[in-house]
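Only one structure is covered here, and it is reproduced in the block below.
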Amino acid sequence: MAPGNGENRVNDSGQRYFFGQFILDIDRGTLLKHGQDVPLRPKTFEALCYLVRHSGVLVTRQQLQEAVWPSAVVSDESLTQCLAEVRKTLDDVSRDMIRTVPRRGYIFDVAVTINAPADEADSGVSVSGRSDPSGPSHGKTFERAVIGLLTLVVAFIAIDRFILGAARDASEDLTAANAEQVAEPALLDTIDDKSVAVLPFANRSALIEDEYFTDGMHDELLSRLSQISALKVISRTSVMRYEDTRMSIPDIARELGVAAIVEGGVQRSGNQVRVNIQLINAATDEHLWAEIYDREITAENLFAMQSEISSSIAQSLQATLSPREQSRVFDLPTASIDAYEHFLKGRQLMATGNAADNKEAQRQFEMAVEIDPEFALGWVGVADAIHLSPVGNRTKLREKHRQAAEKALQLDDELGEAYTSLASYYDEILEVDKAESAYLKAIELNPNYAQTYHWYAGLIDARLDGEKKLALLYKAAQLDPISLAVQLNIGQTLRILGREDEALDQLNELLDREPGFADAYRAIGQIHWNNFRLAEAARWFQLATERDPENPWYKHRLARLYIPLGEVDRYEKLVTELKDKFGANSVHNQFLGPLLLVIEDDWDDAVSGADDSYLRNSESIVKSNRDWQKVIDFIEALPADPPPAPSVEYLRLFAHAMMGEYEPALEIYLEQQPNWINPEHWPEMLTLARFAWGEPCLLAGIMIGSGRESLGLALVNEINNTPDQKFVWNVNPAVCHLVSGDYDQALAWFEEKAANRRYVEWERFGSYPWWDPMKDDPRFLGLWKRNLEMMAEQRALFRQSLETDH
């Protein structure tokens, strides 16, 4: 019998329902968690009661509305809000407990015991909400199975998905497995017999404008195949290079590392479409399966055809689909062909990586969800386009990103792409645990989605060492071997690991294949900057701006490089261009504009009228100033409401430290990061130092200066023993040597950097008060002189390059 309104309050007097950490007490009208009352609004409590009573059963939205509001007409928004409150109460952030069945309803997917704790479940007294009604023996057998299953998955399906003891373990298992499989690029050539690449479909229509439709059909087939975990499916960005290619099937398969190739053609005429498709054994060039489909163009017909094709390919490759994968492959993402076409256009535009195309992609996605607000993948497109946008107010963009990703999950909580979008939001706001949990959920739901591994690798900077980050990128490259962004990040990770020659080879090969890829020019420029080849870095940054003039960050980076090169006029010109194009309130103007006044020794004008948001983007303003008391006075005069941002407080403590006032500096530090006072927290704090606040070596010096010498020296020792310091944010080993009084080691570090032409902010580090005993030391003075000589040399080379260009 399907659940309905009539059974909403039947036969549950005196009953209590046990699930996970919770007890739902019907008589008392309360929900208990670990024995403590959890406050709930009355309607939220009724919605939870109905779901719990019908555990394991599909409940439609209409049934739930009738149960909670039996004699009233309410909007869908009321029910949505009610469910959101239930999920929040249960800490069901990843929507594992209350699963959405797209376009149908909800399932409370948790084993429920009535009137007895879980450890009494085998007594025959309790009944699971999902038990077999045929008899007691079946019920007990089922509950033993449930208990066994929960034992296996409890590390992953915890009540609070985003407090990640389990997710961290899962992450280590995942990356360890990847490290064994793909620790070196050569292993990308390993061929799985269930691996497949779908080549771009041929547009056999008479109209050029039908190309986007053909590309969209190709993209949709890839999306459906990627849901099948038994298959390895090469992503769209990698196969698109073979459009109109004359290469043989075996050669293409060899480059992509697959056992099978899919070819197809699409012919659209009016409201009819013909698709002919074939699956080819790459080793023998023989056909495994072929079919011709003629359909009227409706959303239902197109998706049904894609489902049939996906199922036939999987069957031909002997790939078994799980029940969930069967459901996903035959899913109907939207009933609107117009919404679908806007979505297809958006996907193709966003794939270029160009700022202007990304802006138009976002517009297309927004048009798609305006036509069909229940189009979950359309909302994923909106979220991802916002995430990739290089322009705009990041605070406002992040909020729109979050709303779009959560809307997608509200519509379809088994959509792996939506979890990846949500993870990228948490990553950006530095919620590491939540981001990692969402990435792992995305991989569970869609193991062929290369973007998840790619973006997850970015989070790994703080979570794991460089080799494991590289392993995740190689996993992404297995699925998307031609992706420009993945190959770029492999190059950048090689650089971070100190393998700069390999990094340059990787990036130059990337440019050989795609000369217009602006971000590769920027990455090569960064390598030159880090090696104090400033004139060469400026040339590469300029090339990046020429190839993507709509991306302001390339001009921003070039402008910052003009400062050490002494090119104030060029700096001012770029600052004016950015201000005119993006406005006075853009991050570029807030950072670069005031810094120009600092360079011209007009610090008072630079900070006049500033507020905390202004200073947050202008750390260099404060650190370029030498009147530290002025900095402290200015910040302390800021309005108390709203309170200053943590970054502003850091600037205040930095000024105190530079004046040798260590007690107030330490007090501010521990107000913001109290765990630093406890050595038990240091390993975690250093592992997450990318997301921590301030500089750990500077903190050690402040501790020593404030009379806590043993604590400060212990922190220095902890930092020195932290593995893979390249991935510990804001740690300069020389500063640790300096504050602990080991001047010889501090100078040796700087001397080594200077000898190898490494970029060192010597002007900043050389002004630290801990150097005071060394101010007349010949080695110290020699380093200062060498820094000035290197700067003069680079300025001369830059001017020479300008003369050569003209």
Side-chain angles (χ1 to χ4, degrees), residues 354-356 358-359 389-394 516-530 532-610 613-625 759 761 763-764 788 790-806:
N354 181 279
N358 190 78
K359 182 178 180 181
S389 173
V391 297
N393 182 305
R394 287 315 301 174
F517 187 37
D519 220 21
Y521 291 91
R522 188 271 313 159
I524 292 175
Q526 190 64 54
I527 291 176
H528 288 300
W529 191 347
N530 291 344
F532 216 79
R533 298 188 290 266
L534 305 187
E536 186 68 3
R539 183 174 76 85
W540 285 93
F541 289 159
Q542 180 62 41
L543 290 170
T545 63
E546 291 169 1
R547 278 150 182 79
D548 190 359
E550 295 299 311
N551 190 322
W553 289 103
Y554 300 139
K555 287 185 178 180
H556 184 119
R557 195 171 294 266
L558 180 60
R560 292 185 66 182
L561 187 56
Y562 281 151
I563 299 304
L565 287 172
E567 296 291 327
V568 177
D569 290 344
R570 292 179 184 277
Y571 179 94
E572 185 171 10
K573 180 182 177 181
L574 275 186
V575 171
T576 302
E577 287 179 16
L578 288 166
K579 180 179 180 181
D580 291 345
K581 187 169 182 63
F582 299 103
N585 293 323
S586 74
V587 62
H588 312 286
N589 190 62
Q590 287 188 348
F591 184 96
L592 300 173
L595 188 54
L596 178 63
L597 296 172
V598 174
I599 296 163
E600 295 173 344
D601 201 23
D602 194 355
W603 198 82
D604 287 335
D605 286 346
V607 298
S608 61
S613 63
Y614 179 96
L615 282 172
R616 179 166 54 251
N617 296 313
S618 308
E619 182 175 336
S620 294
I621 297 174
V622 173
K623 291 186 178 180
S624 298
N625 180 55
Y759 177 62
E761 295 179 89
E763 183 179 358
R764 172 186 165 191
L788 296 176
M790 290 171 66
M791 190 70 71
E793 175 189 273
Q794 289 302 308
R795 290 176 175 179
L797 285 171
F798 180 73
R799 295 190 182 99
Q800 181 182 335
S801 69
L802 294 177
E803 294 172 4
T804 302
D805 291 341
H806 291 297

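Residues take their numbers from the sequence shown, with the count starting at 1. The model shown is predicted, which means the values in this text are computed figures rather than measured ones.
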Could you pull out the closest heavy-atom pair between [X] and [Y], with the gap in Å?
X	Y	answer
R547	A518	CB-CB, 4.1 Å
L574	A559	CD1-N, 3.7 Å
Q542	Y562	OE1-OH, 4.3 Å
L565	A535	CD2-N, 4.4 Å
A538	L558	O-CD1, 3.7 Å
A537	G525	CB-O, 3.3 Å

Applying the side-chain contact (heavy atoms from CB on, under 4.5 Å) criterion to F798, which one of R570, E793, E536 satisfies it? R570
How long is the straight-line distance from [atom2] of [Y] back to [atom1] of [X], given to the nearest 0.5 Å?
X	Y	atom1	atom2	result
L543	Y554	CG	OH	12.0 Å
L561	W529	CG	CH2	5.0 Å
E567	L802	CD	CG	6.5 Å
Q794	H528	CD	NE2	11.0 Å
R557	R522	CZ	CZ	5.5 Å
D548	D519	CG	CG	8.5 Å

Determine yes or no for a side-chain-to-main-chain donor-acceptor pair under 3.5 angstrom, with E550 supplying the side chain and A356 the backbone. no
With sequence neighbours excluded, residues passing side-chain contact (heavy atoms from CB on, under 4.5 Å) with A796: none
Pairing residues for Y521 by the ring pair (Phe, Tyr, Trp, His ring centres under 6.0 Å) criterion, not counting sequence neighbours: W540
Report yes if some heavy atom in the side chain of L534 is under 4.5 Å from a heavy atom in the side chain of R795; otherwise report no. no
